[in-house]
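These notes are about the structure you will find just below.
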Amino acid sequence: MAQVLSLHVFFSAERHKVGPSKPLKRIHNPKTSLSTHRKGPQSPMRKTQKLNLQVSPHRAVSAVRLMRIEMGGAFADLLNEKGKGSGDNEMGYVERTLGFRTKNLDDRDLRLVTDIVGGTIRWRRYLDYLIGSLCHDDKAFRSMEPLLLQILRIGFYEILKLDMPSYAVVDENVRLAKVSLRPGAGNMVNGILRRLVLLKESNSLPLPKLEGDDRAQARALAILYSHPVEIEPMRCLWISVKTQGASSTYRTEIQVSFCMLLDIYVLNLLDGKALDEAFRAKKKAIKLMMWNNDDPSFSLRANSGKGVTRADLVMQFNMLKVPHEVSLHLDHFVRVKTGLQSIIQAGLLKQGLCAVQDESAGLIVSVVNPQPGDSIVDCCAAPGGKTLYMASQMHGQGMLYAIDINKGRLRILKETAKLHQVDGVITTIPSDLRTFAESCQLKSDKVLLDAPCSGLGVLSKRADLRWNRRLEDLEELKKLQEELLDAASILVKPGGVLVYSTCSIDPEENEERVDAFLLRHPEFRIDPVDRYVPPGFVTKRGFYSSDPVKHSMDGAFAARLIRTL
């Protein structure tokens, strides 16, 4: 964990290992080039030098960062970890990729880069549909140069979602295309963006219509709300409906994905009640997609390890004039919708006074219920947010073993623990959990396995995660989750507690993994979490579950299991 608990999407080739961030990582191919594959004659350097200072710096940085993210060479960083200083790094990428520098980024430019990059990634499917429609040639769209496509996406996003002045958006994106590519590319951007402006002003955008069968409507919704259309790797919601027949009860399962109702598997004709359930499911799925596309809010946790209270944090935010509201569920947490950069630049995180941590993650720590004197194992500890929070609850008494396969991230976690003054109870152990459990005799009171997962509950913050999922990834994840659960169970002493958690809302990664584990390990039983979290987060089976639509926070899951033997 760095000085700021940044919400990153990391890409790694270590797909079969337990990585430091919880969602499964995408393979990063180091051979992938960031070349813009320019066609035609290059602009003379003299001309480039003449024009480059006129190029909008936030647009140049955004275009290059979007290229790096899409090609696997970067992550979507919604928290600017280094504040003002990161502008130099971004401009260095622009110079290496485009061959020129623009004027330096100021604070407003940095905020725009964050808004444009995150928003463009979220709305990519919607934007690409419109770009393809205005190209009038599907082949031209599919063969478009990477940089040219990013420039068009930025222009479309600024016009449609940020409501920037159309003339400025057209002019500056045309200039970027001409300088970084060639005059012909600028002419193409000019023509397409001007057509977009006319269509928007006449309220006649070529959007798909919600008509036809369920599959056709689902695809239209997937475009309108910019989510993947594949149902298998992206399902997020299951609804079970019991319908009464003439002589028996039939069970109908309706599968709802992010793009909504791609298929309805019906074992019997749906009655009115089942159709009502399906309609409600559709409305909820749309609300979930809207939540994922909205600008995220962030929560900050006051570091009680340093004696900082939530009241202290609120006083600091008032001095910085940062709008905020206190958490309704956790005593140490404060929510902010805007002003996070002001908090970072004021040094509150670098001083260890607070940490960025979603309330959904804080409630998982509540399920663990760390107490002074406990012996606790955090099995996949990096980047360390839950580790530090648990340590702060132990008040310097007991021992917390932080295990992770990534030595570098554990080293950062250890440094941050010193900054937060909770290092006295933390011991870091660089190891694959499966190997460690086989060879170690350690038995602890409480074991937390915050497992690598799809991250389907955190799509509002991890903007590009929705585009990086394949069915093979999730099948591999389920296998890994079961292996890690088996290993974590070895570390629990009789009468001890095992907490299995994810930042996913997919039952296959949550309830189904717990059920499979209990079949393999009858020595464990479910311990209902109603004593540890508010009633609204407790499922019928006694698990913890946070719902983005219902609770206005990240989606997460936790099961508390007790070892009886």
Side-chain angles (χ1 to χ4, degrees), residues 9 15 18-19 21-26 218 221-222 225 227-240 253-265 281-282 284-293 358 360-361 363-364 367 380 449-485 499-518 529 537-551 553-559:
V9 178
R15 301 172 68 81
V18 183
S21 62
K22 304 311 175 189
L24 182 70
K25 299 172 254 336
R26 184 176 69 174
L221 285 169
Y225 294 99
H227 276 71
V229 75
E230 297 81 6
I231 189 167
E232 283 299 323
M234 295 302 294
R235 62 175 164 270
C236 69
L237 185 63
W238 285 86
I239 296 179
S240 296
E253 288 189 333
I254 301 174
Q255 190 176 27
V256 184
S257 77
F258 282 109
C259 52
M260 184 51 224
L261 290 178
L262 284 178
D263 282 306
I264 298 181
Y265 300 99
K282 180 176 180 178
K284 182 173 181 180
I286 290 174
K287 287 181 180 179
L288 180 58
M289 290 188 286
M290 293 173 65
W291 166 267
N292 290 338
N293 288 336
D358 195 78
S360 62
L363 287 166
I364 289 175
V367 172
C380 299
L449 173 59
D450 191 36
C453 68
S454 65
L456 297 183
V458 295
L459 295 187
S460 67
K461 293 187 176 74
R462 305 187 179 187
D464 50 349
L465 200 58
R466 73 186 72 176
W467 309 117
N468 303 327
R469 287 293 170 263
R470 302 175 305 162
L471 181 59
E472 307 92 276
D473 293 338
L474 296 198
E475 290 303 318
E476 181 182 316
L477 265 177
K478 288 188 289 185
K479 181 175 182 294
L480 175 60
Q481 289 159 355
E482 293 196 343
E483 291 176 356
L484 294 176
L485 260 172
V499 174
Y500 171 74
S501 66
T502 73
C503 55
S504 175
I505 52 177
D506 185 349
E508 285 199 8
E509 298 182 85
N510 299 334
E511 290 91 343
E512 291 186 24
R513 296 281 65 73
V514 174
D515 289 341
F517 172 79
L518 292 175
V529 302
F537 295 93
V538 182
T539 72
K540 291 181 179 179
R541 297 185 59 193
F543 300 137
Y544 157 74
S545 177
S546 59
D547 182 303
V549 174
K550 180 180 178 181
H551 301 118
M553 65 177 69
D554 289 345
F557 170 86

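Residues take their numbers from the sequence shown, with the count starting at 1.
- Evaluation of the side-chain contact (heavy atoms from CB on, under 4.5 Å) rule for S545 yields T539 as partners, not counting sequence neighbours.
- Distance alone, capped at 3.5 Å, is enough to place a donor-acceptor pair between the S546 side chain and the A556 backbone.
- Remark: the backbone N or O of F557 is not paired with any side-chain donor or acceptor of N510 at under 3.5 angstrom.
- Residues that satisfy the ring-ring contact (aromatic ring centres under 6.0 Å, His included) test with F517, not counting sequence neighbours, are H521, F524.
- Side-chain atoms of R541 do not come within 3.5 Å of backbone N or O of E511 as any donor-acceptor pair.
- For E483 and K479, the salt-bridge test passes: some basic side-chain N is under 4.0 Å from an acidic carboxylate O.
- Residue L465 comes nearest to S454 through the heavy atom pair CD2-O, 3.4 Å, listed as atom of the first residue, atom of the second, then distance.
- We find the CG-CG distance between D554 and D547 to be 11.5 Å, quoted to the nearest 0.5 Å.
- Taking the side-chain hydrogen bond (donor to acceptor under 3.5 Å, both in side chains) definition, one finds that Y500 meets it with nothing, sequence neighbours left out.
- With sequence neighbours left out, V538 forms a side-chain contact (heavy atoms from CB on, under 4.5 Å) with V529, D530, V533.
- Note that CG of L477 is 10.5 Å distant from CZ of R513, once rounded to the nearest 0.5 Å.
- Between Y225 and N293, the closest heavy-atom pair is O-ND2, 2.7 Å.
- Residues passing the side-chain hydrogen bond (donor to acceptor under 3.5 Å, both in side chains) test with Q481, sequence neighbours excluded: E509.
- With values rounded to the nearest 0.5 angstrom, L449 atom CG is found 10.0 Å from T502 atom OG1.
- Side-chain contact of N468 with R462: a donor-acceptor pair under 3.5 Å is absent, judged by distance alone.
- The two residues G555 and I505 have their closest heavy-atom pair at CA-CG2, 3.8 Å.
- Atom CG in L480 sits 12.0 Å away from atom CG in L474 (nearest 0.5 Å).
- For K287, the salt bridge (Lys or Arg N to Asp or Glu O under 4.0 Å) test picks out no residue, with sequence neighbours left out.
- A pairwise comparison of heavy atoms in Y544 and S360 identifies OH-O, 2.9 Å as the closest pair.
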